[in-house]
Amino acid sequence: MDVSHILDGLNDAQRDAVSGEEQAALILAGAGSGKTRVLVHRIAWLMQVEGVSPYGILAVTFTNKAAGEMRERVQAMLQTPVSGMWIGTFHGIAHRLLRMHSKELGLPDAFQVLDSDDQFRMIKRLLKAMNIDDARWPPRQVQWFINAQKDEGRRAKHLAAGADPFEQKMIEIYTEYEVICQRSGLVDFAELLLRAHELIRDNVAVLEHYQQRFKHVLVDEFQDTNTIQYAWLRLLTQEAENLYVVGDDDQSIYGWRGAKIENIHRFQKDYPKHKLVKLEQNYRSTSTILNAANAVITHNDSRMGKELWTDGEDGELISLYAGFNDQDEARFVVDRIQHWAEQGNLRAEAAILYRSNAQSRLFEEYLMMSGIPYRVYGGQRFFERLEIKNALAYMQLATHLENDAAFERIVNTPTRGIGTRTVELVRERARAQGISLWQAANALCEGVELSGRAVNALSGFIKLMRDISGNLKSAVLFEQVNQVISQSGLIEFHKKEKGEKGEARVENLEELVNAARQFVYGAAGEEELSELDSFLAHAALEAGDTQGDKFEDCVQLMTLHSAKGLEFPLVFMTGVEEGLFPSQRSVDGIGRLEEERRLCYVGITRAMQQLYITYAESRRLHGQESYPMPSRFIREIPAELIQEVRLNARVSRPVTAEQPIGFRDESDAGFRVGQRVMHTKFGEGMVLNHEGRGAQARVQVNFDAVGSKWLMLAYAKLETM
DNA sequence: TAATCAGCTTTTTTT
DNA sequence: AAGCTGATTA
């Protein structure tokens, strides 16, 4: 068979990665080196050259988007649908396994997926029920603890009863949390992975089945795998050593959520016969941009060692702009984008990247003022919206009355006279007898503990839910959804809300019916679920895209994290300041700085033609004025790759190594001697002197009322006047 | 029971 | 600045 089309157009390293008989392989793929291409061609190679059936291939990604893209590209290349092939996210595949093997796992067969928001609420309620001080054990931290344990493969019973009372309590909560999830038939995201692991660890027959079925297992973004994901992959492939992974240690930016770069090293030890291929030729960026990225990332220790190169042009220098403040920074960026568009370029080819979501606001304001359309990534997604989650909760409870999370959410939404006191009694009863909230509510309606009014309200709710679940039997999916929404009274409830908020919510609810209409039943391979249950699982596992019109030509705004995997001809990396990027927390913590630097590397390598780096000399943060220093990352880029940009003209200033550009000579307090300032406690005064930089910066101020004082800038609330 | 107000906290994100 | 929580009030 002629296989030239699989290898044609690939460079040597890519060919090496795609072809060959090695079962295990580690492909270190730098940014823009054709990573997805290699994966897709590898799958084509396996099928067409080695004759592997689509059933014998398992391909795992982290996001639904990546999975969808991979499936599409494989199909385009093979000119045939590959529905039998398992391509999906870790969570999607785990979910599928759990559905198929719920009996072996002792799971309720109608279990539902608990998303992180519902998990958070669940934990909050649990803390209250257990009478735990949520100041000492904040629900966020508890959630983090539980998920971190699960990511490491540890159940509550595995945790040693240590002496530390704080941890002791955490373990206690974890134990209770597991009980309540099991009773409510709920499985959170981390639990999906943990159960999937336990399934093949504890059931030899199941393990052998999948070991035999999957002749090849391929993993994308391997540097982002956590402990449990690796353990799962390891079990699946330890016999045949048939694990093919693609990743980039320099782009590992999710350590804070459990990703373990060390998995790359473990892979090398665990699969001694593996092939190692480095993809270093970059097809995306100019060599100037690559040189800058390489220079920055070199400052990290413990890298696998990899250097991007291109045979393309040098391209333009990287532009550095020092905004006088954050508004000036935003003004500058928008101004440059306007220029770009005026020269006939697409606005969609320009991206504004920032470290934290809060920074998008100013850019949005200036873009709006200039009438430039834009799209903000991140933020709340369709299935996460309050009104949508409420509607989904009605469906969840109607199909699964034991679902306590759903019960809590809608028992008094819309308000129907069931107050906190009544719900409290329901909770107490449920807890005392170890039954679901639904059962407890039913029992209370029969009993005498509640006032007549409360019984009325509560039994009204019970009757409503019975009606709704009765009506679900016949109709097709979108009609079911439509019916639930109208019966629930949510439309009227949100219509009453004042302002445009209510209107938007009603529209979203209508959109939910639409989403149901477009839902393809069986696409996720979940034939064992009813159509509605399948739709609900889809809503939890794939929260949908963020708002925004994909088809309009608009500027792209997103965090550096969400930019990973994307590329743009024109990129603005903004807010490149100490304390913001790298973030304060990463500077304080050990080992976090390297990850921050990798994030910078990701940011730089998003740019194809032109990269702007901007920072502000003064910035309003949390309603406070701050005077940050330019980020250390700017200093790590060789000066000859940078040109400083001034207000209305570009000035290339010769720079020497001893005196990096963008740094002021004098102490960096950001205040001038003689300047009038305002302090919240001491009132008005005049700056006499200043010294130190960054966190150590101090100013001496002669206050009109209380005389001269030295103040730490980091703490003093000084405002310029 | 529901609405209003004052005080407190702040990365990054997918599933 | 803004959003959320808890407490207070109508």
Side-chain angles (χ1 to χ4, degrees), chain A residues 60-67 88-95 113-120 124 128 134-135 138-140 144 147 150-151 187-194 196 221 224-226 228-229 252-259 326 353-362 365 377-381 383-384 412-423 451 453-454 457 496 498 537-546 558-565 575 579-589 592 595-596 598-600 602-603 619-625:
Chain A
V60 198
T61 64
F62 278 87
T63 66
N64 290 297
K65 194 172 153 221
T89 63
F90 276 102
H91 293 85
I93 285 165
H95 180 244
V113 179
L114 192 72
D115 74 11
S116 23
D117 178 48
D118 288 333
Q119 183 188 37
F120 180 70
K124 258 177 40 178
K128 204 164 252 167
D134 61 1
R140 277 264 163 256
W144 186 87
N147 289 337
K150 290 189 178 186
D151 284 347
V187 174
D188 63 48
F189 288 135
E191 182 80 16
L192 286 170
L193 301 177
L194 187 49
E221 305 278 17
D224 289 338
T225 50
N226 63 26
I228 197 75
Q229 285 160 341
S252 160
I253 54 175
Y254 288 112
W256 52 274
R257 113 187 158 192
D326 44 0
L353 310 182
Y354 35 79
R355 179 66 237 266
S356 70
N357 280 308
Q359 287 166 256
S360 77
R361 217 198 72 234
L362 267 182
E365 276 175 23
Y377 285 73
Q380 220 184 21
R381 299 179 323 161
F383 285 111
E384 288 167 1
N412 197 33
T413 308
T415 44
R416 51 174 69 87
I418 301 174
T420 35
R421 185 72 203 119
T422 310
V423 178
S451 71
R453 223 170 86 183
K496 272 191 294 196
K498 48 183 181 267
H538 164 84
L541 289 169
E542 197 166 338
D545 234 328
T546 41
M558 66 191 82
T559 62
L560 286 153
H561 280 88
S562 35
K564 190 169 90 156
L580 196 59
F581 186 35
S583 72
Q584 196 51 53
R585 289 166 88 139
S586 71
V587 179
D588 298 343
R592 287 267 167 258
E595 181 154 311
E596 209 75 356
R598 292 192 289 268
L599 190 57
C600 182
V602 167
R619 174 180 301 277
R620 241 188 139 70
L621 210 62
H622 313 311
Q624 281 278 316
E625 208 72 33

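Here is how names work: the chains are called A, B, and so on, in the same order as the sequence lines, proteins then strands, and each is numbered from 1.
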Value in whole Å for how far the [atom2] atom of [N] lies from [atom1] of [X]:
| X | N | atom1 | atom2 | result |
| --- | --- | --- | --- | --- |
| Arg620(A) | dA1(C) | CZ | C1' | 8 Å |
| Asn147(A) | dT14(B) | CG | C1' | 12 Å |
| Glu221(A) | dT13(B) | CD | C1' | 13 Å |
| Leu541(A) | dT15(B) | CG | P | 9 Å |
| Ile418(A) | dA2(B) | CD1 | C1' | 15 Å |
| Asp118(A) | dT15(B) | CG | C1' | 13 Å |
| Leu362(A) | dA2(C) | CG | P | 11 Å |
| Asp117(A) | dC4(C) | CG | C1' | 13 Å |

**Leu114(A) side chain near Glu191(A) side chain, heavy-atom distance below 4.5 Å** = no
**Asked** Between Val60(A) and Ile93(A), is any pair of side-chain heavy atoms under 4.5 Å apart?
**Response** yes
**Asked** Do any side-chain nitrogens or oxygens of Lys124(A) fall under 4.0 Å of OP1 or OP2 in dT5(C)?
**Response** yes
**Message:** Any side-chain N or O of Asn64(A) below 4.0 angstrom from OP1/OP2 of dT15(B)?
**Reply:** yes
**Prompt:** Ser116(A) has a side chain; which of dT15(B), dT14(B), dA1(C) sits nearest to it?
**Reply:** dT15(B)
**Fill in**
Out of dT14(B), dT1(B), dT15(B), minimum distance to the side chain of His91(A) belongs to dT15(B)
Treating [X] as the side-chain partner and [Y] as the backbone partner, does any N or O pair qualify as donor plus acceptor under 3.5 Å?
| X | Y | value |
| --- | --- | --- |
| Glu384(A) | Ala543(A) | no |
| Asn64(A) | Leu541(A) | yes |
| Glu595(A) | Arg592(A) | no |

Pick base, sugar-phosphate or nothing for [X], based on heavy-atom distances below 4.0 Å to the nucleic acid.
| X | answer |
| --- | --- |
| Leu114(A) | nothing |
| Asn412(A) | sugar-phosphate |
| Thr415(A) | sugar-phosphate |

**Complete:** DNA chain B nearest-nucleotide lookup for Phe90(A) and Gly419(A): closer to the 5′ end is Gly419(A)
**Asked** Which word best sums up how the rings of Phe189(A) and His91(A) line up, parallel for under 30°, tilted for 30 to 60°, or perpendicular for over 60°?
**Response** perpendicular
**Request:** Decide whether Gln119(A) and Ser116(A) meet the rule of one side-chain donor and one side-chain acceptor closer than 3.5 Å.
**Result:** no
**Message:** Please encode protein proximity along nucleotides 6-12 of chain B as a string of B, S and -, counting only heavy-atom distances under 4.0 Å.
**Reply:** ----BBB
